[in-house]
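Inspection log for the structure reproduced underneath, given as structure tokens.
When reading the values below, keep in mind they use all heavy atoms of this one structure, side chains included, and skip hydrogens, waters and symmetry mates. Throughout, a chain's letter reflects where its sequence line sits, starting with A, and its residues are numbered from 1. Quick caveat, the model's predicted, so the values are computed rather than measured.
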Amino acid sequence: MKDLEVIRRGTVEILTKDELKKCLRKKRPLRVKFGADPTVPDIHLGHTVVLQKLRQFQDLGHKIIFVIGDFTARIGDPSGRIETRKPLSRKEVLKNARTYQDQVFKILDRKKTQIVFNSVWLDKLTSSDIFNLASKYTVARMLERDDFSLRYRKEHPISIHEFLYPLIQGYDSIVLKADIEIGGTDQKFNMLVGRVLQREYGQKPQVVITIPLLEGTDGIRKMSKTYDNYIGISEPPKEIFGKIMSISDKLMLRYWELVTNISPAELARIKRNLKSGRLHPKEAKKNLAIRIVKMYHSRKAAKEAAEEFEEVFKEKKLPHRIPKVKVSKKKIWVVKLLTISKMAKSSSEARRLIQQGAVTLDGERIIDPEKELTIREGTILKVGKRRFIRIVGK
RNA sequence: GGGCGGAUACCCAAGUGGUUAACGGGGGCAGACUGUAAAUCUGCUGGCGAUGCCUUCGGAGGUUCGAAUCCUUCUCCGCCCA
């Protein structure tokens with residue numbers, strides 16, 4: 001069973017493997033469900049882990065059902081307790097969904113993907129449908145979920161509607177007659193609820209496959225927009241490259257494993273060479289960065305990003321493209337310059353940056369926050385290690 | 001319905017009349033070290049042309065020379081018992 005081996009690679013759990021085997025023996029393409037809330041439009045590397053697994057399914061001839069949770073997005077996310085995420089309007093959701101799709105198809109095969117919006121069937125549910133659904137599961141079982149039980153024990157609030165989420169998600173599986181559902185490990189509980197509900201509604205329970213969650217650039221928390229530790233696949237090559245280079249060596253291996261599609265043998269080789277010292281970690285990281293930029297941009301973009309990186313940070317040259325800021329005056333107070341060029345949010349912050357030695361003008365460090373600068377055409381203002389601005393006159 | 005507790009800066013969280021622009025931690029930013037690594041160390045982390053001034057502790061009002069701290073009132077939230 002070669003297919004099984006491909007599917008198994010890089011997963012955390014398959015519930016259950018026997019069921020999966022049986023599924024694969026069927027002579028029809030399997031219906032593989034994956035759900036995403038279009039609350040944020042941008043796809044980051046964390047999402048790509050699961051997307052690549054979906055792609056593998058497509059390559060094996062199966063069908064992906066990509067559920068856009070527009071219904072759930074409009075109601076609000078259960079996990080953000082303190083500030084209930086503000087519900088998105090229909091328009092916003094659609095807009096997000098569209099950009100989402102554009103990005104998703106950088107990885108998925110459009111022809112083998114069916115995109116569905118769950119509001120199509122969820123909007124039609126009547127109260128009695130919902131009551132009926134709710135009767136299929138118990139409070140005790142709900143409290144088995146990690147974060148619920150933790151919150152309950154800590155006497156933190158849990159809203160009733162939060163209990164409804166796993167049920168709704170499970171209901172999606174019923175409507176879609178999912179054979180398999182794939183999600184991050186954080187989705188395990190919800191996906192398992194789907195199994196129970198499918199059985200209640202006379203269906204064969206879906207096989208649940210969990211995928212590891214990718215740590216963000218901080219190396220600790222999962223990659224997420226809310227933690228601002230993400231690398232978006234639509235970011236400029238230079239940004240992606242720079243962000244990859246700043247992750248820790250340990251995390252780098254994780255990215256090699258989960259973000260790229262290298263074979264286990266290749267991964268093992270990299271690990272070996274790193275250990276023996278034949279491969280410098282920085283080189284390995286550079287290769288990784290090139291590879292990832294190539295995946296979402298182009299070979300050329302990757303090469304350029306790598307070259308520029310070396311130039312700017314190793315040879316201390318200037319970046320190729322530097323944003324320009326117009327300054328009409330010849331003489332200007334440093335603090336003013338920093339604030340009008342948006343390099344500092346406030347003049348207090350500008351003063352701080354200056355005092356900390358973060359500001360240089362044409363390579364000369366400015367330490368006096370009272371300094372009046374004489375501006376020449378094309379003067380380069382640098383703040384911190386990586387923020388550059390070219391000053392131009394009228 | 002009854003009882004108790006809470007709302008402080010980006011987040012968590014101390015402070016219960018006076019060196020308090022507000023302890024501490026996280027996060028973030030900057031500097032040093034480096035491989036723009038990571039880890040570590042140090043500093044900063046309300047605003048203002050600024051050795052001073054202004055504004056902040058859920059909202060509004062009040063007491064006081066002086067309030068995040070006391071009083072009144074409003075709003076919101078949580079837990080427990082029924």
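- As rounded to the nearest Å, B/G46 and B/A21 have P atoms that lie 13 Å from one another.
- For A/L213, the side chain to side chain contact (heavy atoms under 4.5 Å, CB included) partners two or more places apart in sequence, or in a different chain, are A/T185, A/D186, A/K222.
- One can place CD1 of A/I354 at 15 Å from C1' of B/G31, the figure rounded to the nearest angstrom.
- Put simply, the residue from A/E311, A/K238, A/E307 that forms a side-chain hydrogen bond (donor to acceptor under 3.5 Å, both in side chains) with A/H320 is A/E311.
- Note: NZ (A/K314) to P (B/G35) measures 9 Å, nearest angstrom.
- Look at CE on A/M343: it is 14 Å from P on B/C29, rounded to the nearest Å.
- In the model, A/N190 has a side-chain atom that pairs as donor or acceptor with a side-chain atom of A/Q169 under 3.5 Å.
- Here the separation of B/A67 from B/G58, taken at their P atoms, is 15 Å to the nearest Å.
- Proximity of a side-chain donor or acceptor of A/W256 to a complementary backbone N or O of A/N261 within less than 3.5 Å is not detected.
- Side-chain contact between A/K53 and A/I182 is present, with at least one heavy-atom pair separated by less than 4.5 Å.
- Panel note: side chain A/H297, backbone A/K294; no donor-acceptor pair is recorded below 3.5 Å.
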Can you give me the N/O atom pairs linking the protein to nucleotides 39-50 of chain B at distances under 3.5 Å, or say none if there are none?
| unit_1 | atom_1 | unit_2 | atom_2 | d |
| --- | --- | --- | --- | --- |
| B/G43 | N2 | A/Q356 | OE1 | 2.6 |
| B/G43 | N3 | A/Q356 | OE1 | 3.2 |
| B/C44 | O4' | A/Q356 | OE1 | 3.4 |
| B/G47 | OP1 | A/S346 | OG | 2.7 |
| B/G47 | OP2 | A/R352 | NH2 | 2.6 |
| B/C48 | OP1 | A/S347 | N | 3.3 |
| B/C48 | OP2 | A/S347 | N | 3.0 |
| B/C48 | OP2 | A/S347 | OG | 2.9 |
| B/C48 | OP2 | A/S348 | N | 2.9 |
| B/C48 | OP2 | A/S348 | OG | 3.1 |
| B/C48 | O5' | A/S347 | OG | 3.3 |
| B/G49 | OP2 | A/S347 | OG | 3.2 |
| B/G49 | N1 | A/E372 | OE2 | 3.1 |
| B/G49 | N2 | A/E372 | OE2 | 3.2 |
| B/A50 | N6 | A/S347 | OG | 2.7 |
| B/A50 | N6 | A/R351 | NE | 3.4 |
| B/A50 | N1 | A/R351 | NE | 2.7 |

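- Sorted pairs that involve residues 94-118 of chain A and meet ring-ring contact (aromatic ring centres under 6.0 Å, His included), not counting sequence neighbours, are lacking altogether.
- Using modelled atom types, one finds a donor on one side chain and an acceptor on the other under 3.5 Å when comparing A/S173 with A/Q206.
- Contact annotation: the side chain of A/V259 approaches that of A/T48 to within less than 4.5 Å [non-hydrogen atoms, C-beta and beyond].
- Rounding to whole angstrom units, CD of residue A/E283 and C1' of B/G35 are separated by 10 Å.
- For the C1' atom pair drawn from B/G62 and B/A82, the interatomic distance equals 38 Å after rounding to whole Å.
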Which atom pairs link the protein and nucleotides 22-27 of chain B when you take only N or O atoms and keep those under 3.5 Å?
none

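- When heavy atoms are screened at a 4.0 angstrom cut-off, A/G219 is found touching no nucleic acid atom at all.
- Comparing B/G18 with B/U64, their C1' atoms are spaced 12 Å from each other, to the whole Å.
- Nucleotides B/G24 and B/U45 are separated by 15 Å at their C1' atoms, to the nearest Å.
- With RNA chain B read from its 5' end, the first of the two nearest nucleotides for A/M252 and A/G384 is the one closest to A/G384.
- Between the CD atom of A/Q355 and the C1' atom of B/G31 there is a distance of 13 Å, rounded to whole Å.
- Rounded to whole Å, atom P of B/C29 lies 17 Å from atom CG of A/L338.
- With a cut-off of 3.5 Å on both pairing distances, the Watson-Crick and G-U wobble pairs of RNA chain B assemble into stems of 3 or more at B:1-7 with B:75-81, B:10-12 with B:24-26, B:27-32 with B:40-45, B:46-48 with B:52-54, B:58-62 with B:70-74.
- Aromatic ring pairs are classed by plane angle as parallel below 30°, tilted from 30° to 60° and perpendicular above 60°; the pair A/Y171 and A/Y201 is perpendicular.
- When the C1' atom is compared between B/U42 and B/U55, the two are found 31 Å apart, to the nearest whole Å.
- Nucleotides B/A30 and B/G59 place their C1' atoms 37 Å apart, quoted to the nearest Å.
- Using a 3.5 Å distance cut-off with no hydrogens or angles, the side chains of A/Q103 and A/K106 do not pair a donor with an acceptor.
- With hydrogens and angles ignored, a donor-acceptor pair closer than 3.5 Å exists between the side chain of A/D249 and the base of B/G35.
- Contact of the A/K136 side chain with the A/L167 side chain is not registered, since no non-hydrogen atoms from C-beta on lie closer than 4.5 Å.
- Considering only the side chain of A/S248, B/A38 comes nearest among B/A38, B/C33, B/G35.
- Comparing A/K282 and A/V359 by the nucleotide of RNA chain B that holds the closest heavy atom to each, the one mapping nearer the 5' end is A/V359.
- Atom-to-atom, CG of A/N229 to P of B/C29 comes out at 12 Å; the value is rounded to the nearest Å.
- Atom name C1', nucleotides B/G15 and B/G6: the rounded distance is 16 Å, in whole Å.
- Rounded to an integer number of Å, the gap from CG of A/L353 to P of B/C29 is 11 Å.
- Chaining together hydrophobic side chains whose heavy atoms lie under 4.5 Å apart places A/L15 alongside A/M191, A/L192, A/V208.
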